[in-house]
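All ligand and atom numbering here is 1-based and tracks the order in the structure.
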Amino acid sequence: MASAARSKIASSVFRKGLFKDKVAIVTGGGTGIGKGITKELLYLGCNVMIASRNPEKLEKGEAEIKAWLKKGNHHAQLETLPCNIRKEEEVQNLMINTVEKFGQLDFVVNNGGGQFISRAEDIKLKGWNAVVETNLTGTFLMCQGAYRHWMRDNGGSIVNILVDMWKGFPIMSHTGAARAGVDNLTKSLALEWVHSGVRINSVAPGSSIYSDTAAANYGNINIFDTIKETVPYHRLGTVEEISSIVCFLLSPGATFITGETIRADAGQSHYACPTLKIPAHDKIPPYSWQSEVNNDES
Ligand code: ADE
């Protein structure tokens with residue numbers, strides 16, 4: 001590898017151009033994990049439509065990602081559209097606009113979601129419904145919209161982003177229930193739509209994935225130090241450690257996988273074993289674009 005290439009920062013473990021001329025919608029693609037997924041898709045040549053309910057977040061994310069595209073001299077296109085995924089007509093509008101703009105729709109990444117902390121006894125019906133409608137119904141509408149508008153006739157690949165809800169989700173029972181619903185929905189849709197050439201899978205990141213957006217959500221509470229103790233790697237996860245799995249699932253390398261949910265949590269969801277105390281170690285260091293050399297030149 002030439003030394004000039006070594007000094008560049010890679011933006012994927014996958015080869016540049018892998019998704020050349022493909023088209024993706026990423027909900028919540030302007031912040032946190034969604035922004036990482038958007039950037040990796042763009043780096044791989046995929047044109048991306050990011051959709052979010054919040055126009056300010058969309059605008060801010062768009063400006064930042066476009067500056068990054070320019071700096072890296074990447075040629076894929078980024079578009080944005082405000083869309084409330086709870087509203088069927090707005091989801092339809094998103095599908096129509098994306099296909100009009102880019103001519104096709106190969107991938108959907110259902111990353112946008114939302115919840116609030118509350119004990120179950122205090123959740124009001126309005127709040128419960130809002131969380132279920134965003135995380136479960138919104139994901140369903142996005143999948144159904146993509147299928148009806150494009151993928152039924154042309155195939156495609158969908159990835160849903162869940163959370164680590166495998167042992168229940170106390171103080172956020174609404175989102176735990178909704179995300180468990182998406183896990184099941186993933187399996188049903190995979191079987192109903194396989195004959196159309198549609199694959200649908202999910203990724204369940206652990207609570208240890210650090211992003212500026214996640215940190216800001218927790219305000220002054222440094223929850224990440226506490227979370228770190230529950231991770232068998234004794235460290236937090238990176239956004240890139242999620243986006244690379246999403247890109248793998250969308251890629252031809254995952255052709256034989258559908259209806260599957262991949263846990264991306266460094267074993268955290270399996271770690272409830274009082275007889276084993278995992279010693280402090282740093283044997284599985286973080287993967288992030290900052291620590292990798294470019295892999296598109298040799
Ligand atoms: N992100 C959080 N809530 C959303 C919604 N209702 N629509 C789109 N993106 C969202």
**Request:** Could you tell me which residues satisfy salt bridge (charged side-chain N to carboxylate O under 4.0 Å, His left out) with K66, sequence neighbours excluded, listed by chain and number?
**Result:**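 K66 satisfies salt bridge (charged side-chain N to carboxylate O under 4.0 Å, His left out) with E62 once adjacent residues are dropped.
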
**Request:** Could you list the residues that satisfy salt bridge (charged side-chain N to carboxylate O under 4.0 Å, His left out) with E241, not counting sequence neighbours?
**Result:**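 Residues passing salt bridge (charged side-chain N to carboxylate O under 4.0 Å, His left out) with E241: R235.
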
**Request:** Answer whether the closest heavy-atom distance between the side chains of E90 and R53 falls below 4.5 Å.
**Result:**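 The answer is no, as the side chains (C-beta and beyond) never meet within the 4.5 Å cut-off.
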
**Message:** Using the side chain to side chain contact (heavy atoms under 4.5 Å, CB included) definition, which of the options T38, N111, T27 pairs with I50?
**Reply:**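 Of T38, N111, T27, side chain to side chain contact (heavy atoms under 4.5 Å, CB included) with I50 is met by T38 alone.
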
Please tabulate protein-ligand N/O pairs under 3.5 Å for ligand 1, atom names and distances to 0.1 Å.
residue: ligand 1; atom: 6 (N); partner: N84; partner atom: OD1; Å: 2.8
residue: ligand 1; atom: 7 (N); partner: C83; partner atom: O; Å: 3.4
residue: ligand 1; atom: 7 (N); partner: I85; partner atom: N; Å: 2.9

**Request:** Would you please name every residue forming a side chain to side chain contact (heavy atoms under 4.5 Å, CB included) with N97, sequence neighbours left out?
**Result:**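 Applying side chain to side chain contact (heavy atoms under 4.5 Å, CB included) to N97 gives L81, N93.
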
**Request:** Starting at CG of L44, measure out to OG of S11 and round the result to the nearest 0.5 Å.
**Result:**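 Output value for this atom pair is 8.5 Å.
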
